[in-house]
*Asks:* 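I have a structure I would like to understand better, so I am pasting it below and will then ask my questions one at a time.
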There are 2 protein chains.
Amino acid sequence: MSRPVKPIAAPATDTSASAHDRVYRALRARIMYGDIAPGEALTLRGIGREYGVSMTPARESLRRLVAEGALSLSSSGRVATPELSNERIEELAALRALIEVELSSRALPRAHMALIDRLQTINMTIAEKVSKRDAVGYIRTNLEFHRTLYLRAQAPAMLAMAETVWLQLGPTMRALYGRLRRTDPPQNHRLIIAALKAGDEPGLRLAVRSDVTQGLRLLVV
Amino acid sequence: MSRPVKPIAAPATDTSASAHDRVYRALRARIMYGDIAPGEALTLRGIGREYGVSMTPARESLRRLVAEGALSLSSSGRVATPELSNERIEELAALRALIEVELSSRALPRAHMALIDRLQTINMTIAEKVSKRDAVGYIRTNLEFHRTLYLRAQAPAMLAMAETVWLQLGPTMRALYGRLRRTDPPQNHRLIIAALKAGDEPGLRLAVRSDVTQGLRLLVV
DNA sequence: GCGCCATATTTGTGATCACAGACATGCATC
DNA sequence: GATGCATGTCTGTGATCACAAATATGGCGC
């Protein structure tokens, strides 16, 4: 089959229009949520075999991920998930702080009670993942918390930028949360919710900045 | 020829290792410097013919540019340079302000006299381009001014992020500087240089923010 | 003259192939 | 037994082809 029928209203999590997009989305999720260890190598034919496509869509999805910084292109074409230096981690953490503080600030005036409820629900799921020591689930749910909040900012370009940073940090975050001993509940998330309820913008900015920065600080040796 | 010999030390502006990279770089420069009007369509076979390559490298370079937000992928695969909405322009301008203020702040402690001299030289070139009403030259030299400053920040991830934003704004900036009546010298650039000389961080942050924001503000109707 | 439908051309998608480097394995030699 | 080299397999790159959808074109009927 060369081109599958285009779904009118894609289920947004299921089959997509094109093969390379399906492969891209699958790999992107695996990388962002830390399912792939830093330094792991990927081959075109391997990806193709794994997802039942030929080399062409595999190549396109890998190249797209390289363009977004999710994968690093070693000398002579080999691609692998990058092993970030401490300086780069610090940079990416600073970018997260800059962009996400702005996003939360823009979301604040639009944050209704329904949003806060949803954030609290997600928070409970996070606590559950933490207690189960499910690293991938933790990362995914944690990012879902942030994405849910930032979606209210109505700033798609900024959100895309933030997600690109998440993507670059994905393989490294896995290593971080493996190193994280204590099974602490998301304290900063509760500060974020409290600031949202109170309409306290400076408090919100501070809480988001702390939440984004503190985790990554552990990683810098 | 299927793979050209790999240059030991590439001249950084000339032939690159792979064909798709050469095409990518050429298109990227054209887009970033406003050489392509918003809404202009690009075809795979057209790009291939123009650069003397087959469809495969053309497709990869286009897809990479789409991944970076430089091109928009219309319904059913057609790619064209995007026509940005006012909201999106405002977002991208805010991103420029956030990231570039941070970059300049990080560059400040490392800014020696040689750097300031180079910035002043670039500034004279900018004035020349302005007087010649050379829009593409103006945009390129203006971005060179910013890049030269930010390179001193030693923050490659942040700089890459900033360049991605420039890329997205490229086709629109062309429209902006076409609309710009007055042939003014770069006033904010002189404020930036003065702040650098004085080691005045708050002044530098303010000057960069103004320089980045004011131009784009013209564009929002 | 104007609108509509059938056809022709263009365009993106994905598969396959040939080729050249890169890497690993193993053999022969000292 | 260790080292150096040759061979063999793997991997990315780029070209070409077949196919289907979308767009453009032209002719027909009213």
Side-chain angles (χ1 to χ4, degrees), chain A residues 1-10 14-28 36 39-82, chain B residues 1-10 14-28 36 39-68 70-83:
Chain A
M1 123 182 77
S2 80
R3 177 187 289 185
V5 337
K6 183 196 298 184
I8 304 300
D14 201 358
T15 92
S16 89
S18 46
H20 75 261
D21 211 60
R22 182 166 48 86
V23 176
Y24 164 76
R25 256 195 270 272
L27 285 177
R28 177 188 152 100
I36 303 184
E40 203 169 323
L42 299 175
T43 68
L44 290 180
R45 289 166 177 88
I47 299 292
R49 232 176 297 129
E50 187 171 352
Y51 290 94
V53 297
S54 95
M55 282 168 51
T56 312
R59 194 155 37 148
E60 294 195 38
S61 52
L62 284 192
R63 217 160 258 299
R64 184 166 170 191
L65 289 165
V66 168
E68 295 175 7
L71 295 174
S72 86
L73 182 72
S74 162
S75 83
S76 277
R78 251 63 162 214
V79 325
T81 85
Chain B
M1 118 180 83
S2 80
R3 177 187 288 183
V5 337
K6 183 194 300 186
I8 303 300
D14 201 1
T15 93
S16 87
S18 45
H20 76 261
D21 211 59
R22 181 166 47 88
V23 176
Y24 164 77
R25 255 196 272 272
L27 286 177
R28 178 188 151 101
I36 303 184
E40 203 169 323
L42 299 174
T43 68
L44 289 181
R45 289 167 178 87
I47 299 291
R49 232 175 297 130
E50 186 172 351
Y51 290 94
V53 296
S54 98
M55 282 168 52
T56 312
R59 194 155 37 145
E60 294 195 38
S61 53
L62 283 192
R63 217 159 260 298
R64 184 166 170 191
L65 289 164
V66 168
E68 296 176 7
L71 295 173
S72 84
L73 183 71
S74 164
S75 82
S76 278
R78 251 65 162 209
V79 328
T81 87
E83 309 190 58

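Computed from a predicted structure; not experimentally measured. Each chain gets a letter, A, B and so on, in the order its sequence line appears, and its residues count up from 1.
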*Asks:* Using a strict heavy-atom distance below 4.0 Å, which residues from residues 51-65 of chain B are in contact with DNA chain C?
*Replies:*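 Those residues are B:Met55, B:Arg59, B:Arg63.
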*Asks:* Return the set of residues passing side-chain hydrogen bond (donor to acceptor under 3.5 Å, both in side chains) with B:Arg64 (not counting sequence neighbours), or none when no residue passes.
*Replies:*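 With sequence neighbours excluded, B:Arg64 shows a side-chain hydrogen bond (donor to acceptor under 3.5 Å, both in side chains) to B:Asp21, given in chain and number order.
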*Asks:* Below 3.5 Å, can you tabulate the donor-acceptor pairs from side chains in residues 41-57 of chain B to any protein atom, sequence neighbours excluded?
*Replies:*
unit_1: B:Thr43; atom_1: OG1; unit_2: B:Gly46; atom_2: N; d: 3.0
unit_1: B:Glu50; atom_1: OE2; unit_2: B:Arg30; atom_2: NH1; d: 3.1
unit_1: B:Ser54; atom_1: OG; unit_2: B:Thr56; atom_2: N; d: 3.2

*Asks:* Would you kindly give the CZ-to-C1' distance between A:Arg49 and D:dG12, to the nearest whole Å?
*Replies:*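 It is 14 Å, rounded to the nearest whole Å.
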*Asks:* Nearest-Å distance, CZ (B:Arg22) to P (D:dG14)?
*Replies:*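 Atom CZ in B:Arg22 sits about 9 Å away from atom P in D:dG14.
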*Asks:* Rounded to whole Å, please give me the gap between CG in B:Asp21 and C1' in D:dG12.
*Replies:*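 Distance, rounded to whole Å: 14 Å.
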*Asks:* Which value, rounded to the nearest 0.5 Å, describes the distance between A:Glu60 atom CD and B:Leu62 atom CG?
*Replies:*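 Taking CD in A:Glu60 and CG in B:Leu62, the distance rounds to 10.0 Å.
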*Asks:* Just list the side-chain donor-acceptor pairs under 3.5 Å for residues 65-74 of chain A, sequence neighbours left out, or say none.
*Replies:*
unit_1: A:Glu68; atom_1: OE1; unit_2: A:Tyr24; atom_2: OH; d: 3.0
unit_1: A:Glu68; atom_1: OE2; unit_2: A:Tyr24; atom_2: OH; d: 2.8

*Asks:* Scan A:Leu42 against the nucleic acid and name what it touches under 4.0 Å (heavy atoms): base, sugar-phosphate only, or nothing.
*Replies:*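 Sugar-phosphate, backbone atoms only, no base.
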*Asks:* Classify the side chain of B:Arg45 versus the base of C:dG12 as yes if they form a donor-acceptor pair under 3.5 Å and no if they do not.
*Replies:*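 Under the 3.5 Å cut-off, the side chain and the base do form a donor-acceptor pair.
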*Asks:* B:Leu44 has an atom CG; how far is it from atom C1' of C:dT10, in whole Å?
*Replies:*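 After rounding, the reported distance stands at 12 Å.
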*Asks:* For D:dT13, does OP1 or OP2 lie under 4.0 Å from any side-chain N or O of B:His20?
*Replies:*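 Checking B:His20 against D:dT13: no side-chain N or O falls below 4.0 Å of OP1 or OP2.
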*Asks:* Determine which bases of DNA chain C form Watson-Crick or G-U wobble pairs with both distances under 3.5 Å, and write the result as a 5' to 3' dot-bracket string with | for other-strand partners.
*Replies:* ||||||||||||||||||||||||||||||
*Asks:* Please report the interatomic distance OG(A:Ser61) to CZ(A:Arg28), rounded to the nearest 0.5 Å.
*Replies:*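 If I round to the nearest 0.5 Å, the distance is 13.0 Å.
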*Asks:* First locate atom CZ of A:Arg59, then atom CZ of B:Arg59, and finally report the distance between them rounded to the nearest 0.5 Å.
*Replies:*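 The CZ atom of A:Arg59 sits 8.5 Å away from the CZ atom of B:Arg59.
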